[in-house]
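Some notes on the structure that comes next.
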Amino acid sequence: MSSACRFLLWAVLGILALNGCGGGGGESGGFFPSSPDYTPSCSGASPAWTSTPDYESVASCVSQASPGDTINITAGEANWRAKTLSVNKAIRIIGNGPDTTTISGNGTVPLFDVSTGSSTGAFPFRLSGLKLSAPQGRLFQISGAGSGWRIDHNVFQGTDYADITSVATLSNVGTWTLFGLIDQNVFNYCQIGFAGGGTAAHHSWTSAPQWGTANAIFLENNTFLMADVAGVFHNSVDSNNGARAVIRYNTFNDAYIMAHSACQKSVRATRSYEIYNNRFNRSVSNTFTSYLSLRGGSHVITGNVVSGPWSQWLPERGAVVLDNRRSWFDNGCTQNSQCTGAGAPAVCCTGPGIGNCIGSQDGFGDCNGSSVYDTNVNNAAHGNAVDGYRCLDQTGAGTMTGTLGSGHSQEVDPLYAWNNQSGRNCLGGSNKYDTCTSDSQCPGSTCSTDTMYPNRFYLHNNSDNMACTAAGVPYSCCTGSYAGACPTGTNWQQFHVVDGRDFISDTPRPGYTKYTCPHPLAGSGSCNPDMAGRTGYTLD
């Protein structure tokens, strides 16, 4: 994931910044006020309003609408440039369809900023039938503590892999109850992310897990596309700070899912994912990771199909990649001291002559038994040493009890992966990404032949794959022709993230039952437990 397109969420909220980028929507065409006498075209009365797509008209309708009202936006194109429409009412904003109603911006601010408020409870907001685009930044964000909202039948359009749009959900109040449904959308070069503020993250980690309940954000029956022609692509789903999500019956084309770890004192890890019955297709071959890159939390992974040339550098292609950053002394999380000379955090205390450390850290510290932010139990996998295990919010960590940093502890809650399958897909042509069994089903291209191992796990950045002290190239610089030498510091990831304890393969999670599918907000229908991707999801 490039530094320009990380879905990490902003220091002002105390959240890991999720700076997306985006595409579409130039400065020409659309509806614009042409004179001071311009009159917004908003008509109707509660409960139904009609607006043209220009900002002034939609804003006029929103200002007049009452909770429960519907604003219908007519066909047309409008460029809102640097304007954000703030919405704090549980209303429905419905376009004429993403093929005919397009709203673009310049990416400096979200097009829609929806606040559900600080009170828990139902907030039945809906956004549907629109195409949103921008050259960078966020297209849409929803925040607060409300539940029961829906984002559906939209197209979120970016330009390319380098400038990815983002859709953000921010639980930035005291509780992690921002639960809703995101379904039947198309995300082209668009990343969606789930994150919380500090108090919301604490609430999520001290609350019972959501396994099989409605207490999560549901991402179902969507299509994602992330790769460019050169084969470079990014994660299409990202999260941190206590996020809880159910990701099911989506089709991911050259796109993958990521969960972040505890990093800096303001950032907690993703709490949990339920990832099932998705299809992960890949058409291009490069050295990047697998369909899942998980750095913290507990997860259920089942019923997915993984196909195409994934993960050339993995010993077993398509394995779930795990990584606990504080086990291998990632400077971005563990040595984030401010320097007296250079004034740049994270990296200024390493390398030749780059400032002087001031002593104290502003991160959680190394997970080595000395940080009060870890559970620090005797680790049976390490000769009963007190080596930091359970590292804060690490892979396989569960519900936290006590006060963070003052004698708290976390339960063991392993990841489970079972019944995921290796598949095949067309690598190009008019049938690109389609399921196939032979080249004859892929006109102008071929059917993939790679065998995947999606029920297995791989520890990234373990002792043989650490960052370098000299070259400054992480992850791969200790192997191959890269300059620099591996650091001499201890890497205890193999003792912190242990097979059979913190992650378990080929075994169903005991007592696990999936939540009702389709989600009740989507309507009635059926979900085939033996199929993956959108083809397994049917609405009446």
Side-chain angles (χ1 to χ4, degrees), residues 16 198 201-202 205-206 240-242 259-272 294-299 321-337 346 349-350 357 359-415 457-467 469 474-475 486-504:
L16 192 60
H202 180 77
W205 276 103
T206 54
N240 65 0
N241 255 349
H260 276 282
S261 59
C263 186
Q264 297 97 31
K265 284 187 180 178
S266 61
V267 178
R268 301 290 296 274
T270 300
R271 177 70 164 92
S272 54
L294 308 176
R295 287 181 154 174
S298 180
H299 311 286
V321 173
L322 305 179
D323 183 8
N324 183 47
R325 294 176 69 184
R326 291 178 55 245
S327 294
W328 54 273
F329 311 100
D330 179 346
N331 283 344
C333 288
T334 63
Q335 304 294 334
N336 196 25
S337 301
C349 300
T350 61
C357 293
S360 62
Q361 295 179 333
D362 60 5
F364 291 116
D366 298 331
C367 183
N368 61 8
S370 63
S371 174
V372 296
Y373 295 102
D374 301 313
T375 299
N376 291 317
V377 298
N378 294 96
N379 188 353
H382 198 184
N384 285 325
V386 178
D387 61 3
Y389 183 76
R390 248 154 267 120
C391 306
L392 180 65
D393 302 347
Q394 71 158 73
T395 294
T399 305
M400 187 183 83
T401 57
T403 302
L404 181 64
S406 300
H408 78 278
S409 64
Q410 283 185 290
E411 299 174 353
V412 178
D413 194 359
L415 279 72
F457 294 89
Y458 173 76
L459 288 186
H460 195 198
N461 292 314
N462 205 5
S463 58
D464 61 346
N465 192 28
M466 293 173 66
T469 57
Y475 308 121
C486 291
T488 57
T490 304
N491 184 329
W492 284 342
Q493 185 154 226
Q494 62 181 318
F495 303 118
H496 293 157
V497 185
V498 175
D499 189 0
R501 181 189 66 184
D502 306 298
F503 62 91
I504 299 173

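Along the sequence shown, the residues carry numbers beginning at 1. All values reported here derive from a predicted model rather than from experimental measurement.
The main-chain N or O of G398 is never found under 3.5 Å from a side-chain atom of S298 such that the two would form a donor-acceptor pair. With hydrogens and angles ignored, the 3.5 Å screen pairs a side-chain donor or acceptor of R390 with a backbone N or O of Q410. Of the possible donor and acceptor atoms, one in the side chain of S371 sits under 3.5 Å from a partner among the backbone N and O of F364. At distances below 3.5 Å, at least one donor-acceptor pair connects side-chain atoms of W205 with backbone N or O atoms of A269. Of the possible polar contacts, one joining the T206 side chain to the H202 backbone as a donor-acceptor pair under 3.5 Å is found. Remark: the backbone N or O of N324 is paired with a side-chain donor or acceptor of Q493 at under 3.5 angstrom.
Judged by distance alone, the side chains of R501 and N379 do bring a donor and an acceptor atom under 3.5 Å apart. Judged purely by distance below 3.5 Å, without hydrogens or angles, the side chains of H496 and S327 pair a donor atom with an acceptor atom. Judged by distance alone, the side chains of S409 and T375 never bring a donor and an acceptor atom under 3.5 Å apart. Using modelled atom types, one finds a donor on one side chain and an acceptor on the other under 3.5 Å when comparing D502 with Y389.
Proximity of H260 to V267: side-chain heavy atoms (C-beta onward) are nowhere separated by under 4.5 Å. Looking at heavy atoms from C-beta onward, H299 lies in side-chain contact with T270 at the 4.5 angstrom threshold. A heavy-atom distance below 4.5 Å is found between the side chains of N378 and V386. Inter-residue side-chain proximity for L415 and L294 is flagged as met; some heavy-atom pair is nearer than 4.5 Å. At a threshold of 4.5 Å between non-hydrogen side-chain atoms, the residues R295 and T395 do not count as touching. Residues R268 and N241 meet the side-chain proximity criterion, which asks for heavy atoms closer than 4.5 Å.
The aromatic rings of H382 and F495 sit parallel, their planes meeting at an angle under 30°, below the 60° perpendicular limit.
Applying the side chain to side chain donor-acceptor pair (under 3.5 Å) test to D374 and every residue at least two apart in sequence or in another chain returns R326.
Scanning both residues, L392 and Y373, for their nearest heavy atoms gives CB-O, 3.2 Å.
Atom-to-atom distance recorded for T401:OG1 and L404:CG is 11.5 Å, nearest 0.5 angstrom.
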